J.: 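Before I ask anything, here is the structure I am working with.
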2 protein chains.
Amino acid sequence: MTEIHSDLPHPAKDDLRLETVLFALSDPARLDVVRQLASGPLEMARCHLVDPDIPKSTKSHLMKVLREAGVIRNLPQGRGRVLSIRREELDERFPGLLDAVLNAS
Amino acid sequence: MTEIHSDLPHPAKDDLRLETVLFALSDPARLDVVRQLASGPLEMARCHLVDPDIPKSTKSHLMKVLREAGVIRNLPQGRGRVLSIRREELDERFPGLLDAVLNAS
DNA sequence: GTCATGGTTCGAATTTAGTTGAACCATGAC
DNA sequence: GTCATGGTTCAACTAAATTCGAACCATGAC
């Protein structure tokens, strides 16, 4: 009788707020993470930040802001976690926004 | 590139940074201003904030953040000032971004 | 010139966001 | 079971953004 691993909370699609999404994307480190995830899901351990000396608590917090804004998904897999962009939901809710951000030089 | 005549500094088009623009747009009051300006330039005195009891210094600061991010123009006219979105420059620098933000529900 | 209007700037207080180590938790390997 | 790996959470701290009154500035009306 394995207990279900309590996952991290993700906001529902209809609860996504534009301001919150924009804020999450307004930080260079967070934006860089989103760019890394643009080509597909990535194990968190393989998602490297610009500054390599960032403590794991800081990295975790960074992902939390993106997750709570509804920008990324953070799911457990094995011993670690897998990150991915909530692309379909973002595109439905804010058409063209993610593409515009990712296409920006 | 036409020079902007104003006593307030405006960043050049090539100096606009995506993170800064996103941050400027990530505040509800600032985003509301941009939405008001979407239909055309507006005298600052006719640009009303959500909270009607906002002091003028706060309103001025709000406009400063948008101006310094390169989102809006703030030009003197008569005794007051006229605000407008730097649409062409934003569209050139970050294609689709402003439209996506303005189209978002 | 004076006056009222509209707006900026300064500085200090408040609020919010980011950083970090330590403690803790879950999983897979053994 | 134990251990190492990978990550979250907590609490305390630092840094940054916001707020707002007061002072100031420029213009148009007179």
Side-chain angles (χ1 to χ4, degrees), chain A residues 1-11 17 19-33 36-37 41-69 71-84, chain B residues 4-10 17 19-33 36-37 41-69 71-84:
Chain A
M1 212 62 63
T2 54
E3 276 191 19
I4 296 176
H5 175 265
S6 126
D7 199 6
L8 298 172
H10 291 72
R17 286 181 48 240
E19 296 92 329
T20 310
V21 169
L22 293 175
F23 180 79
L25 297 174
S26 72
D27 176 74
R30 291 193 296 254
L31 189 53
D32 186 66
V33 166
Q36 289 186 48
L37 298 179
L42 205 57
E43 294 172 34
M44 184 162 166
R46 297 186 143 207
C47 181
H48 297 301
L49 304 178
V50 185
D51 182 353
D53 298 329
I54 287 280
K56 55 182 181 177
S57 57
T58 304
K59 185 178 181 183
S60 184
H61 174 70
L62 209 151
M63 301 307 180
K64 183 182 184 183
V65 175
L66 286 169
R67 172 177 52 82
E68 290 182 337
V71 176
I72 69 170
R73 226 175 269 112
N74 185 343
L75 301 177
Q77 187 181 78
R79 273 179 299 186
R81 310 193 70 94
V82 171
L83 307 175
S84 55
Chain B
I4 298 172
H5 178 281
S6 167
D7 54 342
L8 296 174
H10 292 71
R17 286 180 48 239
E19 296 92 330
T20 309
V21 169
L22 293 175
F23 179 79
L25 297 173
S26 72
D27 176 74
R30 291 193 296 256
L31 188 52
D32 185 66
V33 167
Q36 290 185 48
L37 297 180
L42 205 56
E43 294 172 35
M44 186 163 165
R46 312 242 180 279
C47 181
H48 298 300
L49 303 180
V50 185
D51 183 352
D53 298 330
I54 285 281
K56 56 182 181 175
S57 57
T58 304
K59 185 178 180 183
S60 185
H61 174 71
L62 209 152
M63 301 307 179
K64 182 182 184 181
V65 174
L66 286 169
R67 172 177 52 82
E68 289 183 338
V71 175
I72 68 172
R73 228 175 267 111
N74 185 342
L75 302 176
Q77 185 181 76
R79 273 181 298 188
R81 310 194 71 93
V82 171
L83 307 175
S84 56

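It should be emphasised that the depicted structure is a prediction, and the values quoted were computed from it without experimental measurement. Every chain is numbered from 1, with letters handed out A, B, ... down the list of sequences.
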J.: To the nearest Å, how far apart are B:Asp27 CG and C:dT16 C1'?
T.: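 About 12 Å, once rounded to whole Å.
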J.: Do the side-chain N or O atoms of A:Arg79 get closer than 4.0 angstrom to the phosphate oxygens (OP1, OP2) of D:dG7?
T.: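 No, outside the criterion.
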J.: Between D:dT8 atom P and A:Arg67 atom CZ, what is the distance in whole Å?
T.: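 About 8 Å, once rounded to whole Å.
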J.: Is there a Watson-Crick or G-U wobble partner for C:dC30 with both distances under 3.5 Å, and if so, which one is it?
T.: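 Because both required distances fall under 3.5 Å, C:dC30 counts as paired with D:dG1.
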J.: So, does B:Ser60 use its side chain to make a donor-acceptor pair with the main chain of B:Ser57 at under 3.5 Å?
T.: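 Here the side-chain-to-backbone pair does not exist.
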J.: Give a yes or no on whether the backbone of B:Glu43 and the side-chain of B:Gln77 come within a donor-acceptor separation of less than 3.5 Å.
T.: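 Not at all, since once roles are kept as given, no pair shorter than 3.5 Å links the two residues.
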J.: Would you mind classifying the nucleic acid contact of A:Asn74 as base, sugar-phosphate or nothing, using non-hydrogen atoms under 4.0 angstrom?
T.: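 Touches sugar-phosphate only.
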J.: Are OP1 or OP2 of D:dT8 and a side-chain N or O of A:Ser60 less than 4.0 angstrom apart?
T.: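 Yes, A:Ser60 has a side-chain N/O under 4.0 Å of OP1/OP2 on D:dT8.
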J.: So, is B:Ser57 close to the D:dG21 phosphate, meaning a side-chain N or O under 4.0 Å from OP1 or OP2?
T.: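 No, B:Ser57 has no side-chain N/O under 4.0 Å of OP1/OP2 on D:dG21.
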J.: Within this structure, what is the CG-to-P distance between B:Leu62 and C:dT8, rounded to whole angstrom?
T.: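 Answer to the nearest Å: 11 Å.
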J.: Could you give the CD-to-P distance, from A:Glu68 to C:dT16, as a whole number of Å?
T.: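 Distance, rounded to whole Å: 16 Å.
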J.: Output the rounded distance in Å from CD (B:Glu43) to P (D:dA26).
T.: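 Atom-to-atom, B:Glu43 to D:dA26, this comes out as 21 Å.
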J.: By nearest atom, which of the nucleotides D:dA23, D:dG7, C:dT19 is closest to the A:Ala45 side chain?
T.: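 Of the options given, the side chain of A:Ala45 lies nearest D:dG7.
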J.: I want to verify a distance call: between C:dA23, C:dT20, D:dT9, whose nearest atom is closest to the A:Lys56 side chain?
T.: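 From the listed options, C:dA23 comes nearest.
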J.: Taking atom C1' of D:dG7 as reference, at what distance in whole Å does atom CZ of A:Arg73 sit?
T.: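 It is 19 Å, rounded to the nearest whole Å.
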J.: Kindly say if A:Arg30 contacts the phosphate of C:dG18, meaning a side-chain N or O under 4.0 Å from OP1 or OP2.
T.: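 Yes, such a contact exists.
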J.: Is C:dA22 paired to anything, Watson-Crick or G-U wobble with both distances less than 3.5 Å, and if yes, which nucleotide?
T.: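 Here C:dA22 is engaged in a pair, and the nucleotide opposite it is D:dT9.
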J.: Using the side-chain heavy atoms of B:Met44, tell me which of these nucleotides is nearest: C:dT8, C:dT20, C:dT9.
T.: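 So the side chain of B:Met44 is nearest to C:dT8.
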J.: Is the side chain of B:Arg67 donor-acceptor paired with the backbone N or O of B:Pro9 at a distance under 3.5 Å, no angle test?
T.: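 Judged by distance alone, yes, a pair lies under 3.5 Å.
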J.: Counting the atoms with a prime plus P, OP1 and OP2 as sugar-phosphate, which does B:Met63 contact under 4.0 Å by heavy atoms, base, sugar-phosphate, or nothing?
T.: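 Nothing, no heavy atom under 4.0 Å.
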J.: Can you tell me how far P of D:dG6 sits from CG of A:Leu83, to the nearest Å?
T.: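 Going from A:Leu83 (CG) to D:dG6 (P), I get 14 Å.
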J.: Assuming nearest nucleotide by heavy-atom distance, tell me which of B:Lys64 and A:Lys59 is located more 5' along DNA chain C.
T.: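 Final value for this comparison: B:Lys64.
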J.: Any salt bridge linking B:Arg81 with B:Asp7? Criterion: basic side-chain nitrogen under 4.0 Å from a carboxylate oxygen.
T.: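 Looking at B:Arg81 and B:Asp7, the cut-off is met.
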J.: Between A:Asp53 and B:His61, which residue's closest nucleotide on DNA chain C lies nearer the 5′ terminus?
T.: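 Going by which nucleotide is closer to the 5' end, it is B:His61.
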J.: Give me the atom names and distance for the closest heavy-atom approach of A:Pro11 to A:Glu68.
T.: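 Scanning both residues, the minimum pair turns out to be CG-O, 3.6 Å.
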J.: Could you state the CD1-C1' distance from B:Ile54 to D:dC20, rounded to the nearest angstrom?
T.: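 Going from CD1 in B:Ile54 over to C1' in D:dC20 covers 9 Å.
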J.: Using modelled atom types and a 3.5 Å cut-off, is there a donor and acceptor pairing between side-chain atoms of A:Arg73 and backbone atoms of A:Val82?
T.: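 No; judged by distance alone, with no hydrogens or angles, the pair does not exist.
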